[in-house]
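What follows is a single structure, written as structure tokens, with notes after it.
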Amino acid sequence: MLRILRKTKAYVASIIALVVGIVLGGYLFSDTQPRSFLALHRCGGTCMQPKDLAGLMASIGIQKFPALIPSVVLETEKTIVVEHPAPEARLHYLIFPKKDIRNIAEVSTADEEYLLDVVRVAGELARGKNLTRYRLITNGTGFQGVTYLHFHLIAQ
């Protein structure tokens, strides 16, 4: 009898952990774009690469836990700006829209308000730092280190 009770408790605990995991996963991934991570025998170029996983984690962090992001320079309702962890210039910021957009080719009309805010924030930073020689760039999918649309504001 004791053995059956232990098995039942373990079974119930497993079911509870599964349900909590599904609910938590649903919350964390609710605002992210689908990314295939199940690599079967043939991937066909659609399976998740390390940069896709980094983009997924960035999406969750930016949308759900922005207060935990280090080196935040500026934050609005739709945009977050951080110092680049490995700057290529005297001033190097990363500007992220707070919406999961994987790259510039996937931008839709529903994303306009986020992209307009990115440009507005970049302009605010340029004016605030009195920048005259700067670049605002984004990379296409083949050059992205993280599959999440972001912009680099770089100045010498």
Side-chain angles (χ1 to χ4, degrees), residues 16-40 42-156:
I16 290 171
L18 177 66
V19 170
V20 168
I22 290 171
V23 170
L24 183 60
Y27 169 73
L28 290 176
F29 298 105
S30 63
D31 295 325
T32 61
Q33 288 187 0
R35 290 170 172 86
S36 176
F37 62 89
L38 296 176
L40 301 175
R42 288 203 174 111
C43 198
T46 61
C47 295
M48 188 173 284
Q49 302 294 316
K51 65 183 182 178
D52 299 320
L53 181 59
L56 184 61
M57 294 299 110
S59 173
I60 291 168
I62 288 168
Q63 293 178 35
K64 306 292 186 190
F65 308 107
L68 299 178
I69 298 173
S71 305
V72 173
V73 174
L74 179 65
E75 182 176 3
T76 69
E77 184 179 313
K78 294 181 175 39
T79 306
I80 192 162
V81 181
V82 299
E83 293 178 5
H84 196 292
E88 296 177 8
R90 166 183 72 79
L91 182 140
H92 190 164
Y93 295 139
L94 296 172
I95 307 173
F96 295 92
K98 287 186 175 178
K99 182 174 182 188
D100 187 19
I101 307 168
R102 291 195 297 190
N103 59 62
I104 201 83
E106 295 187 14
V107 170
S108 71
T109 55
D111 304 326
E112 287 177 358
E113 61 186 295
Y114 291 90
L115 296 180
L116 286 173
D117 197 58
V118 163
V119 173
R120 185 192 62 74
V121 164
E124 184 179 321
L125 288 167
R127 287 186 300 278
K129 298 284 186 179
N130 296 317
L131 303 178
T132 56
R133 294 181 49 86
Y134 62 90
R135 291 181 293 153
L136 181 64
I137 60 172
T138 189
N139 292 318
T141 55
F143 294 101
Q144 283 181 317
V146 173
T147 308
Y148 186 105
L149 180 65
H150 60 283
F151 297 83
H152 297 256
L153 179 62
I154 301 171
Q156 296 300 330

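All figures in this text were calculated on a predicted structure; none of them were measured in a lab.
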May I ask you to test the L115-L149 pair for a side-chain heavy-atom distance under 4.5 Å? yes

Going by the rule side chain to side chain donor-acceptor pair (under 3.5 Å), which residues pair with H84 if we only count those two or more places apart in sequence or in a different chain? none

Determine whether K98 and E77 satisfy the following criterion, side-chain contact (heavy atoms from CB on, under 4.5 Å), listing intermediate values before the conclusion. CA-CA 8 Å; K98 287 186 175 178; E77 184 179 313; 6.0 Å; no

Looking at every heavy atom in both P66 and E75, which two are closest together, and how far apart are they? CB-OE2, 3.5 Å

Residues two or more places apart in sequence or in another chain: which of them pass side chain to side chain contact (heavy atoms under 4.5 Å, CB included) with A105? N103

To the nearest 0.5 Å, what is the distance between CG (D111) and NZ (K99)? 4.0 Å

With R120 via salt bridge (charged side-chain N to carboxylate O under 4.0 Å, His left out) - residues at least two apart: D117, E124

Sort out for me which residue in L153, L91, V82, L125 forms a side-chain contact (heavy atoms from CB on, under 4.5 Å) with V73. L125

Where is the tightest heavy-atom contact between A155 and A89, given as atom of each residue plus distance? O-CB, 3.4 Å

When I62, V118, V107 are each screened for side-chain contact (heavy atoms from CB on, under 4.5 Å) with P97, the one that passes is V118

Can you tell me how far apart CD (Q156) and CD (E88) are? Round to the nearest 0.5 Å. 9.5 Å

E113: which residues meet the salt bridge (charged side-chain N to carboxylate O under 4.0 Å, His left out) condition with it, sequence neighbours left out? K78

Enter the distance from D100:CG to L56:CG here, rounded to the nearest 0.5 Å. 7.5 Å

Sequence neighbours left out, cut at 3.5 Å: what donor-acceptor pairs do the side chains of residues 126-146 make with other protein atoms?
residue, atom, partner, partner atom, Å
R127, NH1, G123, O, 3.3
T138, OG1, H150, O, 2.8
Q144, NE2, R102, O, 3.1

Going by ring-ring contact (aromatic ring centres under 6.0 Å, His included), name the residues that satisfy it together with F151, two or more places apart in sequence or in a different chain. none

Is any side-chain heavy atom of I154 closer than 4.5 Å to one of P87? no

Applying side chain to side chain contact (heavy atoms under 4.5 Å, CB included) to V119 and not counting sequence neighbours gives none

For a 4.5 angstrom cut-off between non-hydrogen side-chain atoms, does E83 reach Y93? yes

